[in-house]
Undergrad: 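Here you go, one structure.
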Amino acid sequence: MTGAAATAAETHPTVTASAPAKTNLVLHVGSPTADGYHPLETLFVAVDLRETVSASLDPALARRGSGAVVTVEPAPDSAYERMVEEGTARLADIPLDESNLAVRAALAVCAELGIPVPGLRLHLRKAVPVAGGMGGGSADAAAALVAVNQLLASHLGTRPLTAEELHRLGAALGADVPFMLLGGAAIGRGTGTELEPVAAHARLHLVFVPQDQGLSTPAVYRQWDAANGVPGLTSGDRTVMIPRIVEQQPAGTAPDPVSAEVLDALAHGSAPRLAALVRNDLQAPAVHLLPELATLLEHGVELGAVVGWVSGSGPTVCFLAATAEDAQAFVGAFGREGRRALAVVAPAPGARVESAG
């Protein structure tokens, strides 16, 4: 923790909360609606890689008109910390103004309660690579919603917001935020914010392989649009095309539903059955934009992974291992090749308070 953040934590009331990263075992995309959003049918699973947000009250900030300020550091001993040390990730890429999702979440709680911003210090400990398709920014927002909600209720006597109210605030912040609040496993519909929890009784052993280069989610969706005949989308002087994975979808096509077969395989933790059912409609666009992902996906399976896929809109690649021992072996194999990899377990709890004082 930075000196300023440590001082704030020592002298002001503080609540610390965490929220998980995620991957999508299934991500079905429909053609965009009139408002430009793509309807989704996705199967989220939360993993035990967590972002942490500490929220502290500092009335001096309010007196100076600052409202809310944010600081950030890599989580100790995390893959993200190693990326920063190696220069393949930069803390400077994380905004420290009101465009930061954690700040927006804190301000949203105050607005919902109808109170002036009392002066809030937010300190983020990041473990999830930025722009990696794992929902790190959404996890920051979810953790901030939970931390600030409890902080204000405990120390200013405000009404605690309900889970339903936090879900609504989260949905306005980002499509993945409600799932980071929920955790576990769930089907996401609409933009991903309409959640249906599903059973996931057995552990899944996963290996994330982050990339040095991020991918813009809007760019990946634009690539999907171009390949699926959505008019008016070009790159330079030519239309962008990608290799096909599923049949081209005409305008107005709804996303395929999440199948009962994949839900049953998830409920029983059957890695071989899941391997045949994993599908991400954004994988082909992501591979088009970053072709080396195709080689990495093939290589992971050659090393013994049950299956590999691009996580969300990428570029992080996720591999399913048969056992925890296999997952650690993959991490070692990738490490010997100079790649960062981390073993995680799914499902994991949603956003929760870790400490309060």
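Keep in mind that this is a model prediction, so the values were computed, not measured.
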Undergrad: Check the orientation of Tyr221 and His38. Use parallel for under 30°, tilted for 30 to 60°, and perpendicular for over 60°.
TA: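 Tyr221 and His38: tilted rings.
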Undergrad: Can you find a heavy atom in the side chain of Pro13 that is under 4.5 Å from one in the side chain of Ser154?
TA: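 A side-chain contact is absent here, since even the closest heavy-atom pair is not under 4.5 Å.
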Undergrad: Any non-hydrogen side-chain atom of Ile94 less than 4.5 Å from a side-chain atom of Lys126?
TA: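 Answer yes - side chains close enough.
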Undergrad: Pick out which of Thr23, Asn24, Leu27, Val198 makes a side chain to side chain contact (heavy atoms under 4.5 Å, CB included) with Leu43.
TA: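 Only one of Thr23, Asn24, Leu27, Val198 forms a side chain to side chain contact (heavy atoms under 4.5 Å, CB included) with Leu43, namely Val198.
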Undergrad: With Glu98, which residues qualify under salt bridge (charged side-chain N to carboxylate O under 4.0 Å, His left out), at least two apart?
TA: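 Checked Glu98 against salt bridge (charged side-chain N to carboxylate O under 4.0 Å, His left out); zero matches.
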Undergrad: Side chains of Ser54 and Arg121: is there a donor and an acceptor less than 3.5 Å apart?
TA: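 Note: Ser54 and Arg121 side chains miss the donor-acceptor criterion.
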Undergrad: Does a side chain donor of either Glu354 or Thr16 reach within less than 3.5 Å of an acceptor in the other side chain?
TA: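 On atom types as modelled, these side chains do not qualify, holding no pair under 3.5 Å.
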Undergrad: Sequence neighbours left out, cut at 3.5 Å: what donor-acceptor pairs do the side chains of residues 205-213 make with other protein atoms?
TA:
from	atom 1	to	atom 2	distance (Å)
Gln211	NE2	Val209	O	2.9
Asp212	OD1	Arg340	NH2	2.2

Undergrad: Just by distance, with hydrogens left out, do Ser56 and Asp58 show a side-chain donor and acceptor under 3.5 Å apart?
TA: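 No, Asp58 and Ser56 have no side-chain donor paired with an acceptor closer than 3.5 Å.
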Undergrad: Can you check whether Leu25 reaches Asn280 side chain to side chain, under 4.5 Å on heavy atoms?
TA: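 No, too far: nothing below the 4.5 Å cut-off.
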Undergrad: Does CZ belonging to Arg159 count more than 12 external heavy atoms closer than 6.0 Å?
TA: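 It does: Arg159 CZ has more than 12 such atoms within range.
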Undergrad: Taking C-beta and beyond as the side chain, do Leu49 and Met134 meet within less than 4.5 Å on heavy atoms?
TA: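 Leu49 reaches Met134 side chain to side chain.
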Undergrad: Measuring only between side-chain heavy atoms, which start at C-beta, is Val53 closer than 4.5 Å to His123?
TA: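 No - every pair of side-chain heavy atoms lies 4.5 Å or more apart.
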Undergrad: Compare all side-chain heavy atoms of Leu169 with those of Glu112 and state whether any distance is below 4.5 angstrom.
TA: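 In contact.
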